Each structure stands twice: as C-alpha cells, then as structure tokens.
Amino acid sequence: MEPIEINAGGWYLRALRADDRIDDRPALADGGITDPDHVAKRSVGWAEESGYSWAVCEPTTAELVAEIVVTPESDGTAELSGWAREGYSAALESGTAAVRRFVAGALGLTVR
C-alpha cells in the first residue's frame, strides 16, 4: 500500500521522509529516535502492509512534531502508538483521533 496522507484539522499527517526536499531525521532525533534506518523501516511497513506510520506535521512548514504508528494484528485489531516532541501533545492527540478513524474506516481494523 502507498502511504496515505490525512488532514487532521490543524495538523497534516504524511509518511516519514528523508530525501532532498524533507528530512525528518533531525526531528526524530529530538524525539529520541536516532536509528538511521527508521524512515526506511517505516516505508517498508507501508509497502508490506505490516505497519503504518504518520509524521504529524506543521501544515505550513511540514516539520515533524509527532509520529503515530499503527501495527495491524491477524485478529482484525491494531495497536496504535505515538510520541510527540516537547510542547506538541495536542498535535499527537488530534492526529491520533484522525488515524483511529482511518484505521476503522479504511482498513476495517479495531484499534485496541
């Protein structure tokens, strides 16, 4: 599956990126994620439909302020987790609500 972008009101959710236009790795490091392959692993999750992740971003700058991850299970449920950079808990909360709706409506999974 290709990554799905979500408009969460005041926040924009997109796939993690590390390319010549947008590099989320510095913001990820601010959140304690320093694995240089983190973005690539999240891309593989989308491609294999084994996990879905979103960068919750400032809509005007596309700067990552939080990350949301959904891991589907074989029983029709999914685990939802996430983290936010300091001062951005509202972005995580808003993004999580939008992802819950997506997971239920588009993927047909029940979030645990």
Side-chain angles (χ1 to χ4, degrees):
M1 173 185 299
E2 291 291 318
I4 304 297
E5 296 178 352
I6 301 173
N7 181 334
W11 304 99
Y12 172 67
L13 282 63
R14 60 164 173 77
L16 293 175
R17 293 181 55 178
D19 56 39
D20 59 339
R21 296 183 67 205
I22 297 175
D23 189 350
D24 290 324
R25 292 173 295 185
L28 290 167
D30 283 349
I33 299 171
T34 57
D35 177 359
D37 296 324
H38 185 78
V39 174
K41 289 175 185 174
R42 294 295 193 219
S43 294
V44 168
W46 275 100
E48 295 178 349
E49 298 185 20
S50 60
Y52 310 100
S53 64
W54 288 267
V56 181
C57 302
E58 291 275 359
T60 56
T61 65
E63 179 184 5
L64 180 149
V65 298
E67 181 184 17
I68 299 170
V69 179
V70 172
T71 306
E73 302 294 338
S74 60
D75 65 356
T77 65
E79 180 181 336
L80 188 146
S81 61
W83 62 271
R85 291 169 63 189
E86 188 173 331
Y88 289 99
S89 59
L92 178 60
E93 185 177 321
S94 180
T96 297
V99 168
R100 280 183 183 278
R101 290 188 298 274
F102 172 80
V103 169
L107 301 178
L109 300 173
T110 302
V111 176
R112 296 187 266 136

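These numbers were taken from a predicted model, which means no experiment stands behind them.
Other residues, nucleotides and ligands contribute only 12 or fewer heavy atoms inside 6.0 Å of the CD atom of E2.
When atom types are taken as modelled, the side chain of S94 and the backbone of A90 share no donor-acceptor pair closer than 3.5 angstrom.
Residues I4 and L107 share a hydrophobic cluster, clusters being chains of Ile/Leu/Val/Met/Phe/Trp/Tyr side chains in contact below 4.5 Å. There is a path of hydrophobic side-chain contacts, each under 4.5 Å, that joins L13 to M1. Following chains of ILVMFWY side-chain contacts shorter than 4.5 Å, one cannot reach V69 starting from L28, and the two form parts of different hydrophobic clusters. With hydrophobic clusters built from ILVMFWY side chains whose heavy atoms lie under 4.5 angstrom apart, I33 does not share a cluster with L80. Linking ILVMFWY residues whenever their side-chain heavy atoms come closer than 4.5 Å, directly or via other members, leaves L16 and Y52 in distinct clusters.
Across I68 and G95, no two heavy atoms sit closer than the pair CD1-C, 3.2 Å. D37 approaches D35 most closely through the heavy-atom pair N-OD1, 2.8 Å. Nearest approach of P72 to S50, heavy atoms of both residues: CD-O, 3.4 Å. When every heavy atom of L64 is checked against every heavy atom of A55, the shortest pair comes out as CD1-CB, 3.5 Å. Between A78 and V103, the shortest heavy-atom contact is CB-CG1, 4.3 Å. Listed here is the closest heavy atom pair of A62 and C57: O-SG, 3.6 Å.
Proximity of V56 to Y88: side-chain heavy atoms (C-beta onward) are nowhere separated by under 4.5 Å. W46 places a side-chain heavy atom less than 4.5 Å from the side chain of S53. The side-chain heavy atoms of W11 and I6, taken from C-beta on, include no pair separated by under 4.5 Å. For the pair Y12/E58, no side-chain contact is recorded, criterion being any heavy-atom separation below 4.5 Å from C-beta on.
Between D24 and the choices H38, R42, R14, R17, the side chain to side chain donor-acceptor pair (under 3.5 Å) rule is met once, by R14.
Taking F102 as the reference, W54 meet the ring pair (Phe, Tyr, Trp, His ring centres under 6.0 Å) condition, with sequence neighbours excluded.
Legend: salt bridge (Lys or Arg N to Asp or Glu O under 4.0 Å) pairs involving residues 95-112, not counting sequence neighbours, sorted by first then second residue: E73-R112.
Classification of D23 and R25 as a salt-bridged pair holds, one side-chain N sitting under 4.0 Å from a carboxylate O.
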